[in-house]
Colleague: 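My questions will all concern the structure given below.
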Amino acid sequence: MKKLIALGLAACMTFSLAGCSGSAGKETEAASAAETTAETSTEAETSAKATADAETSIDKLTVTYVTSPLNVPTIIEKDQGIFEKELGVPVEYAELTSGADQTQALASGDVQVLYAVGATSVILSAANGADIKVLNMYSRSPKAFCMYSKDETLTTPESLKGKTIAGPTGTNLHELLVSYLAQAGMTLDDVNYVNMTIPDAKAGLDGGSVDVALLAGATAYNAEQQGYNLVADGEGLISALIAVATTQKFYDEHPDVIKKLNAAQEEIASYMADNQEATMETVAATLDLDVDAVKEMYGFYDFSTEITDADKEGFQNTADFMYESGMIENELDVNTLFIQ
């Protein structure tokens, strides 16, 4: 009897051990499976990142870098490295301040994106047969474009007759002067117009060789601080449109890059909105201005990237001005300037 009980206990212990062994095996298998799943998940994430990086269809991107007159998004983008972070490829900056140089670099392929180019430059390039398209808007700032003089009697278009007026041809400032003179039925033939860069025009005004200087941004602000006479600004006269442009060819061949650029511009706008004080300080440091000066000028700008009907109307008005001024040979329908 004792022998039977002993055999029974042994059997029970055997089944019990077998049960524990099975349970432990299942736990080990489960742990192993979980570990494998985790490894697979990590590999999948790494693979997904590699795939995302591979989706950038270019090895590098070259964009224009123009900080004047107060190109806040440009300054913030470079300072924060937003394009490079979003694209995952190196970004190079071409410091081309002339609209003609910008559009020529785009046409040659040396630059893929014009990040802040004037409407007049876009129109002139397109009118000459170049492949150039407006990707989105950069800014609108008519009050930032001004005409200054030391002579306080220069307050009307008529008072400018015969005066020496200096500024950059084919720009918003050039359009401002023509529009201002037109209010009195006058043209550039009624003044002594000299094609000069903004800094040279300001130097000419300071030195007395120029009666009126066409100025913008920090240079205009400095003229105001010196007590110079504001003849007029662009409000009510020009739209002062600045755009972001590329070619139809680049747009068609690299949709992934375009998508990432759009996302990057949204990030730039968010940074500017969420970090206003830091933005003002960064811009002030870049342009060697007081923060208060940047804050005052910043209010003149609308940096919304959306293309509105008013923007298209402004482009058309500028194209008409350029045609009537003889800057382009044929009338231009500006709807052809936008990505279709």
Colleague: Establish, from distance only, whether the side-chain atoms of Lys133 and Thr246 form a donor-acceptor pair under 3.5 Å.
Modeller: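 Not at all, the side chains of Lys133 and Thr246 share no donor-acceptor pair under 3.5 Å.
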Colleague: Quick check: Tyr115 with Tyr93 (ring centres under 6.0 Å apart)?
Modeller: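 Not close enough - the centres of the two rings lie 6.0 Å or further apart.
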Colleague: With a 4.5 Å cut-off on side-chain heavy-atom distances among I, L, V, M, F, W and Y, is there a chain of contacts connecting Leu114 to Ile82?
Modeller: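 As far as the 4.5 Å side-chain criterion goes, Ile82 and Leu114 are not connected within one cluster.
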Colleague: What's the shortest heavy-atom distance between Leu337 and Ala126, and which atoms?
Modeller: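 That closest heavy-atom pairing would be CD2-CB, 3.4 Å.
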Colleague: Regarding Asn136 and Thr305, is there a side-chain donor-to-acceptor distance under 3.5 Å anywhere?
Modeller: no
Colleague: Quick one about Ser149 and Asn229 (side-chain donor to acceptor, distance below 3.5 Å, no hydrogens or angles considered), yes or no?
Modeller: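 Their side chains do not contain a donor-acceptor pair, so the 3.5 Å distance test is not met.
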Colleague: Compare all side-chain heavy atoms of Ser159 with those of Leu154 and state whether any distance is below 4.5 angstrom.
Modeller: yes
Colleague: Does the side chain of Tyr193 come under 3.5 Å of the side chain of Thr164 through a donor N or O and an acceptor N or O?
Modeller: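 On atom types as modelled, these side chains do not qualify, holding no pair under 3.5 Å.
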Colleague: Spell out, yes or no, whether Ile307 and Ile242 are grouped together once hydrophobic residues are joined by side-chain heavy atoms under 4.5 Å, including indirect joins.
Modeller: no
Colleague: Establish, from distance only, whether the side-chain atoms of Asp151 and Tyr228 form a donor-acceptor pair under 3.5 Å.
Modeller: no
Colleague: Between Tyr65 and Leu96, is there shared hydrophobic-cluster membership here, with clusters defined by ILVMFWY side-chain heavy atoms closer than 4.5 Å?
Modeller: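 Different hydrophobic clusters.
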Colleague: Between the side chains of Thr336 and Asp333, does any donor sit under 3.5 Å from an acceptor?
Modeller: no
Colleague: What is the ring orientation for His254 with Phe250, classed by angle as parallel under 30°, tilted 30 to 60°, or perpendicular over 60°?
Modeller: tilted
Colleague: Does a donor on one side chain and an acceptor on the other come within less than 3.5 Å for Thr308 and Asp311?
Modeller: yes
Colleague: With hydrophobic residues grouped by side-chain heavy-atom distances under 4.5 Å, do Val283 and Phe300 end up in a single group?
Modeller: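 Yes, it is one cluster - the side chains of Val283 and Phe300 are joined through contacts under 4.5 Å.
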Colleague: For residues Val231 and Ile238: do they belong to one hydrophobic cluster (side chain heavy atoms under 4.5 Å, members Ile, Leu, Val, Met, Phe, Trp, Tyr)?
Modeller: yes
Colleague: With no hydrogens and no angle check, is any side-chain donor or acceptor of Asp190 less than 3.5 Å from a backbone partner on Lys161?
Modeller: no
Colleague: Check whether any side-chain heavy atom of Pro73 sits under 4.5 Å from a side-chain heavy atom of Tyr271, and report yes or no.
Modeller: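 Not touching, per the 4.5 Å side-chain cut-off.
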Colleague: Can you confirm whether the side chains of Glu266 and Asn262 place a donor and an acceptor under 3.5 Å from each other?
Modeller: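 No.
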Colleague: Can you tell me how far apart CD (Glu175) and CG (Asn172) are? Round to the nearest 0.5 Å.
Modeller: 6.5 Å
Colleague: Examine distances only and state if a side-chain atom of Glu329 and a backbone atom of Asn128 form a donor-acceptor pair shorter than 3.5 Å.
Modeller: no
Colleague: Under the 3.5 angstrom rule, does the side chain of Thr219 hit a backbone N or O of Leu215 as a donor-acceptor pair?
Modeller: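 Not confirmed, Thr219 side chain does not pair with Leu215 backbone.
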Colleague: For the residue pair Lys202 and Gln226, confirm or rule out a side-chain donor-acceptor distance under 3.5 Å.
Modeller: yes
Colleague: Using a strict 4.0 Å threshold on nitrogen-to-oxygen distance, state whether Lys295 and Glu277 make a salt bridge.
Modeller: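 Yes, charged N to carboxylate O under 4.0 Å.
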Colleague: In plain terms, say whether Glu235 and Lys143 are close enough for a salt bridge, that is, a side-chain N and a carboxylate O under 4.0 Å apart.
Modeller: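 Between Lys143 and Glu235 there is a salt bridge, with a charged N closer than 4.0 Å to a carboxylate O.
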Colleague: With a 3.5 Å cut-off and no angle check, do the side chains of Tyr138 and Thr74 form a donor-acceptor pair?
Modeller: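 Yes.
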Colleague: Evaluate the side-chain proximity of Arg140 to Ser304: yes if any heavy-atom separation is below 4.5 Å, no if none is.
Modeller: yes
